[in-house]
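Just below is one structure, and these are the notes that go with it.
Because the structure is a prediction, the values reported are computed rather than measured. Chain letters run A, B, ... following the sequence lines, proteins first and then strands; every chain starts at 1.
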Number of protein chains: 2
Amino acid sequence: MTTRTAAQRRAEVRKSCLERVAACPTNRLLDRMGDKWVGIVIKFLGDGPLRYGELRRSIPAASQKMLTETLRRLERDGLVSRTVVPGAPVGVDYALTPLGRTLLPVLAVVTGWAEENIARIEHAQEEYDARPR
Amino acid sequence: MTTRTAAQRRAEVRKSCLERVAACPTNRLLDRMGDKWVGIVIKFLGDGPLRYGELRRSIPAASQKMLTETLRRLERDGLVSRTVVPGAPVGVDYALTPLGRTLLPVLAVVTGWAEENIARIEHAQEEYDARPR
DNA sequence: CGGTATCCCAACCGATACTG
DNA sequence: CAGTATCGGTTGGGATACCG
């Protein structure tokens, strides 16, 4: 029998919708780009490869844990390359991959919109907050 | 005296860096766009105004709480308008504002990149995960 | 130098129940 | 119909300490 309660059917619909959302390339990209330190890391690497330590000093607000995790995720996605530079002491170079570099124009579009419209957003927020409750 | 310990100086640097990151328009936009339900809500509203109930049925995976919170944040940012439609029972129309509509081309660029490159990302992830640990 | 490992708090988010 | 309120589990992310 395919008899199901209304609650069961709703749960199934919810689940399949959630799966589609999770699988959607746009949502996956927005999710990644929305990670707290991803935008700024890509921005810095856009200017050229950097050592791990240089990245740390460039983004002192990011904890070591978060910086490393961010870089690992980007590496796993094929957007960033990680290269160990032999020597004493050893160094590690991070750089955008060719794929990662194709993201720069996208980020530029986002930055362009943001800088052009941030004042409008702030104005809207002030109006909203000042609104009679 | 301006004497400070090294730890104090590092803490100050971290704090000012954090403030700059939080104030950066690009980061603020990425943060908003990265919210779990923002992309999909904007996508649906891009096709025209929708009643609250229509949005709920369009995105059954989002809980009522999250859908409402998402819409409130977008309304506060001036990206979405909320219009109560009198009647019995009352209805509420949600729509992109003119400002919100200017975000659609940006979202289209993101979607374009994502759909064009999602296969490369998935391939990179498989390679990374299959890599000798 | 470039990381891991661990702990812990805060924010996020869903489920459920209730309301004008 | 379109919410609000509350609770509780899960995740994100920082601090600290330690390691090759």
Could you give the [atom1]-to-[atom2] distance, from [X] to [N], as a whole number of Å?
| X | N | atom1 | atom2 | value |
| --- | --- | --- | --- | --- |
| B:R32 | C:dC12 | CZ | C1' | 13 Å |
| A:E69 | C:dT4 | CD | C1' | 11 Å |
| B:K65 | D:dC7 | NZ | C1' | 9 Å |
| B:L67 | C:dC13 | CG | P | 13 Å |
| A:M66 | D:dT11 | CE | C1' | 11 Å |
| A:R57 | C:dG2 | CZ | P | 8 Å |
| B:L55 | D:dA2 | CG | P | 10 Å |
| B:R73 | C:dC13 | CZ | C1' | 10 Å |

Is the shortest distance from a Lys or Arg side-chain nitrogen in [X] or [Y] to a carboxylate oxygen in the other one below 4.0 Å?
| X | Y | value |
| --- | --- | --- |
| B:D35 | B:R32 | yes |
| A:R76 | B:D129 | yes |
| A:R28 | B:E122 | yes |
| B:E75 | A:R131 | yes |

Strictly below 4.0 Å: does [X] bring a side-chain N or O up to OP1 or OP2 of [N]?
| X | N | value |
| --- | --- | --- |
| B:Y94 | D:dG3 | yes |
| B:R72 | D:dG3 | yes |
| A:R14 | C:dG14 | no |

Next item on the list: Taking only the side-chain heavy atoms of B:K36 (C-beta and beyond), determine which of C:dT4, D:dG13, C:dG14 contains the nearest atom.
Entry: C:dG14
Next item on the list: For A:Q64 and for A:W37, find the nucleotide of DNA chain D with the closest heavy atom, then tell me which residue's nucleotide is more 5'.
Entry: A:W37
Note to self: Restricting to non-hydrogen atoms, name the atom on A:L96 and the atom on A:I42 that form the minimum distance, rounded to 0.1 Å.
What the structure shows: CD1-O, 4.2 Å
Margin query: Both B:V90 and A:R51 contact DNA chain C. Taking the nearest nucleotide for each, which residue is further toward the 5' end?
Written below: A:R51
